Q: 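The structure follows.
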Amino acid sequence: MFIVLRRLPDGGAELTPVGRPQPGTAPVVGESVVVDEADLAMAVATREVETSPRWVWDDTRRWYPRLLGLGVRVARCVDLRLCHALLRGSEATVGSELHGAAAGPYDVAQAGVDDVAGLFEVVPESLPDPVGEFLRQRRAIESSPGRGGLELLTTAESTGALVACEMHHRGIPWSATVHDRLLTEALGPRPARGGERPVRMRDDVDEIRAALGAPDLNPDSPADLLKVLQRAGLGVASTSKWELRRHEHPVVEPLLRYKRRQRLLVANGWAWLDAWVRQGRFRPDYVPGGVVTGRWATSGGGALQLPKAVRAAVVADPGWTLVVADASQLEPRILTGLSRDVAMAAAGDGDLYEGIVASGAVATRAEAKVAMLGAMYGATQGESGRLVPRLARRFPKAMEYVEAAARTGEAGGVVSTLLGRSSPRPGEAVAADLPPEMDRGPVGRDARAWGRFTRNFVVQGTAAEWALCWMGATRAALHERFAGRGEGAPHLVFFLHDEIVVHSPADVADEVVAIVEQSAVAAGRLLFGEAPVRFPVTVAVVDDYSQAK
DNA sequence: GCGTCTCGCGCG
DNA sequence: AAAGCGCGCGAGACGC
């Protein structure tokens with residue numbers, strides 16, 4: 001049973017049930033009910049308890065934060081905007097009305113923070129005709145040869161949207177005190193006036209200027225710095241740290257130290273703390289499906305780039321712990337499943353890279369890792385490019401899978417993930433986000449770049465699907481087991497591509513660990529059935545995030 | 001002054 | 001050892 005929600009122009013909301021009396025028949029639209037805005041949360045909560053419907057709405061960000069604020073959680077939803085993007089672009093819906101349709105009202109970016117009504121503000125109207133849009137989507141899915149995959153994918157994507165709101169709502173536990181201490185230790189005390197350099201960095205600048213004989217050099221200006229470095233005899237073409245590292249010169253050490261500190265100050269310094277941490281919580285704005293491959297993005301706060309240097313500030317509440325879990329070597333294992341490469345599956349019985357060494361393909365674990373990444377990214381040069389052919393000899397099926405994806409891309413074709421998310425067509429409008437040399441389609445040298453993109457798309461995108469299923473299964477199991485605890489229940493607080501963090505009361509951490517592990521197994525089954533591929537997770541129960549890994 | 005681009009670096 | 005995917009962000013550089 002589905003219930004489609006629509007916000008009415010003059011306030012209030014319309015609830016329209018859509019059901020399927022007999023399996024295999026077309027969905028039937030029932031009688032709508034209209035409720036006042038003030039009664040909406042109660043109406044949702046009541047139906048959630050009684051029938052556990054799948055809530056259908058235009059954009060999770062427009063509905064769910066307000067419900068969460070009123071204490072209403074829902075188990076399942078359909079996010080029409082996210083599913084529209086998936087289905088419209090999917091190769092698996094060719095022939096449906098949605099496939100490749102002209103851009104319409106559902107082709108919009110996720111509601112921004114400013115668009116989301118606060119608890120006491122006017123609520124924006126819905127996107128038009130959600131019932132019609134929902135029925136179009138159902139037809140696209142049900143007429144598809146990839147129906148099973150699309151059902152799972154749209155469900156997982158929508159559940160991700162719920163989790164994103166829930167994680168924002170709860171926030172990541174963050175100790176401003178610890179963060180400030182980390183900054184003070186690394187940089188010196190917070191300067192009294194913003195814009196001033198902390199004392200350690202002033203000392204760095206003095207050393208740099210002395211070493212280069214440039215008393216008024218601004219080390220923050222790459223152009224100035226490059227000029228001065230070259231004048232001092234360093235044959236560098238850029239000021240990047242990997243290039244600087246290769247030179248013996250008194251400036252190198254203080255300059256790299258300065259860059260490290262400057263980075264910390266600018267990206268995650270006191271200004272960041274002031275802007276993003278409130279009452280012991282960091283609440284990033286997650287953007288599910290924000291990456292072409294299906295990965296999440298964030299807007300503001302840089303939550304997916306949290307540097308290791310500040311992770312000690314993520315501290316569990318007293319009496320609570322953090323259960324930190326990451327999927328080991330996720331992408332190579334995804335490739336194993338996609339390609340049904342039994343040799344690679346065997347290598348992945350334990351540590352995958354050690355298994356590759358044991359197969360005789362390469363000599364060391366480090367080589368195995370570099371070779372594997374090179375295969376998935378399309379490396380052609382350097383150590384990585386040199387090692388890829390050795391991998392190809394032992395694991396021809398896996399290699400052929402990514403090679404085929406690359407050839408398709410080079411020829412201007414579309415590739416798809418396991419569940420049915422398709423790559424953008426070369427030159428498509430979505431490529432506005434891509435580097436300029438890649439948005440003109442596969443011509444000349446650009447074809448190779450597009451091939452590397454499609455090569456990686458199938459792996460990264462399917463890994464994102466696995467991760468969504470893992471997180472969704474974890475969320476469901478946590479709720480089933482701990483819902484009775486209310487606010488005291490363990491809950492997801494962070495998601496980072498192949499890693500999840502659960503904030504959990506210490507006394508149930510062991511149970512949470514088991515849930516996270518079982519959910520990884522469940523996600524593997526959902527995607528790959530009984531194929532011989534394993535998805536082991538590394539789990540740590542810690543007081544602060546820096547203690548994991 | 002304002003918007004956009006490039007660089008460099010953090011993360012997976 | 002530094003070329004091979006996907007991002008977000010801030011500062012400086014640049015054009016108007």
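Values below: every heavy atom of this structure, side chains too, minus hydrogens, waters and symmetry copies. Chain letters run A, B, ... following the sequence lines, proteins first, then strands; residues in each count from 1. Here the structure is a predicted model, which is why all the values come from computation and not from measurement.
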Q: Do A:Trp270 and A:His179 have ring centres separated by under 6.0 Å?
A: no
Q: State whether a side-chain donor-acceptor pair under 3.5 Å links A:Glu91 with A:Ser416.
A: no
Q: Is there a side-chain contact between A:Lys241 and the phosphate of C:dA2, meaning an N or O under 4.0 Å from OP1 or OP2?
A: no
Q: Classify the side-chain pair A:Ser328/A:Thr538 by whether it contains a donor and acceptor separated by less than 3.5 Å.
A: yes
Q: Grab the CG-C1' distance between A:Leu225 and C:dA11 for me, whole Å please.
A: 13 Å
Q: Please report, rounded to the nearest Å, how far the P atom of B:dG10 is from the CZ atom of A:Arg260.
A: 9 Å
Q: Among A:Asp204, A:Asp203, A:Asp220, exactly one meets side chain to side chain donor-acceptor pair (under 3.5 Å) together with A:Tyr258. Which residue is that?
A: A:Asp220
Q: Taking the side chain of A:Ala379 as its heavy atoms from C-beta onward, which of C:dG6, B:dG8, C:dG4 lies nearest to it?
A: C:dG4
Q: Ignoring backbone atoms, test whether A:Arg263 places a side-chain nitrogen or oxygen under 4.0 Å from the OP1 or OP2 oxygen of B:dC9.
A: no
Q: Is A:Gly385 touching bases, backbone alone, or none of the nucleic acid, heavy atoms closer than 4.0 Å?
A: nothing
Q: Under 4.0 Å, heavy atoms only, any strand: does A:Gly374 hit a base, just the sugar-phosphate, or nothing?
A: nothing
Q: Is the closest side-chain donor-acceptor distance between A:Arg170 and A:His491 under 3.5 Å?
A: yes
Q: Assess, by modelled atom type and distance only, whether the side chains of A:Glu243 and A:Ser238 contain a donor and an acceptor separated by less than 3.5 Å.
A: yes
Q: At under 4.0 Å, does any side-chain N or O of A:Thr239 touch on OP1 or OP2 of B:dC7?
A: no
Q: Once you round it to whole Å, what is the distance between P of C:dC7 and OH of A:Tyr377?
A: 12 Å
Q: Can a side chain N or O of A:Thr298 be found less than 4.0 Å away from OP1 or OP2 on C:dC7?
A: no
Q: Where the side chain of A:Ser240 is defined as all heavy atoms beyond and including C-beta, which of C:dG8, B:dC9, C:dG6 is the nearest nucleotide?
A: B:dC9
Q: Students often get this wrong, so: under 4.0 angstrom with heavy atoms, is A:Ala297 touching a base, only sugar-phosphate, or nothing?
A: sugar-phosphate
Q: Any base atoms under 4.0 Å from A:Ser384, or only sugar-phosphate, or nothing? Heavy atoms, all strands.
A: base
Q: Quick one: OG on A:Ser384 to CD on A:Glu367, what's the gap to the nearest 0.5 Å?
A: 11.0 Å
Q: Using a 3.5 Å limit on both distances, find every run of at least three consecutive Watson-Crick or G-U pairs that involves DNA chain C.
A: B:1-12 with C:5-16
Q: Let me confirm one number: the CG-CG distance from A:Leu225 to A:Leu244, rounded to the nearest 0.5 Å.
A: 7.5 Å
Q: Please list, in numerical order, the residues of residues 324-341 of chain A that have a heavy atom closer than 4.0 Å to any atom of DNA chain C.
A: none
Q: Roughly how far, to the nearest 0.5 Å, is the CZ atom of A:Arg455 from the CG atom of A:Leu335?
A: 10.0 Å
Q: Would you mind reading off the distance between A:Asp224 atom CG and C:dA11 atom P, rounded to a whole angstrom?
A: 17 Å
Q: Tell me: CG of A:Leu496 to C1' of B:dG12, nearest whole Å?
A: 6 Å
Q: Do A:Arg295 side-chain and C:dC7 base share a donor-acceptor contact under 3.5 Å?
A: no
Q: Using the closest heavy atom to pick a nucleotide of DNA chain C for each, name whichever of A:Gln381 or A:Ala267 lands nearer the 5' end.
A: A:Gln381
Q: C:dG4 C1' sits how many Å from A:Lys369 NZ, rounded?
A: 15 Å
Q: Judged by each residue's nearest nucleotide on DNA chain C, which is more toward the 5′ side, A:Arg245 or A:Pro222?
A: A:Arg245
Q: Could you give the CG-to-P distance, from A:Leu304 to B:dG12, as a whole number of Å?
A: 10 Å
Q: Tell me whether the OP1 or OP2 atom of C:dG4 has a side-chain N or O from A:Thr380 closer than 4.0 Å.
A: yes
Q: Quick one: does A:Arg390's side chain have a donor or acceptor within less than 3.5 Å of a partner on A:Arg386's backbone?
A: no
Q: Is there a side-chain contact between A:Lys308 and the phosphate of B:dG12, meaning an N or O under 4.0 Å from OP1 or OP2?
A: yes
Q: Would you say the ring centers of A:Phe457 and A:Trp450 fall short of 6.0 Å from each other?
A: no
Q: Counting only side-chain heavy atoms from C-beta out, which of B:dC11, C:dG12, C:dA2 sits nearest to A:Trp242?
A: C:dA2
Q: Side chain of A:Gln305, heavy atoms from C-beta onward: which of C:dG6, C:dA11, B:dG10 has the nearest atom to it?
A: B:dG10
Q: Among B:dG8, B:dG12, B:dG10, which nucleotide has an atom closest to any side-chain atom of A:Pro307?
A: B:dG10
Q: Nearest-Å distance, OH (A:Tyr258) to C1' (B:dC9)?
A: 14 Å
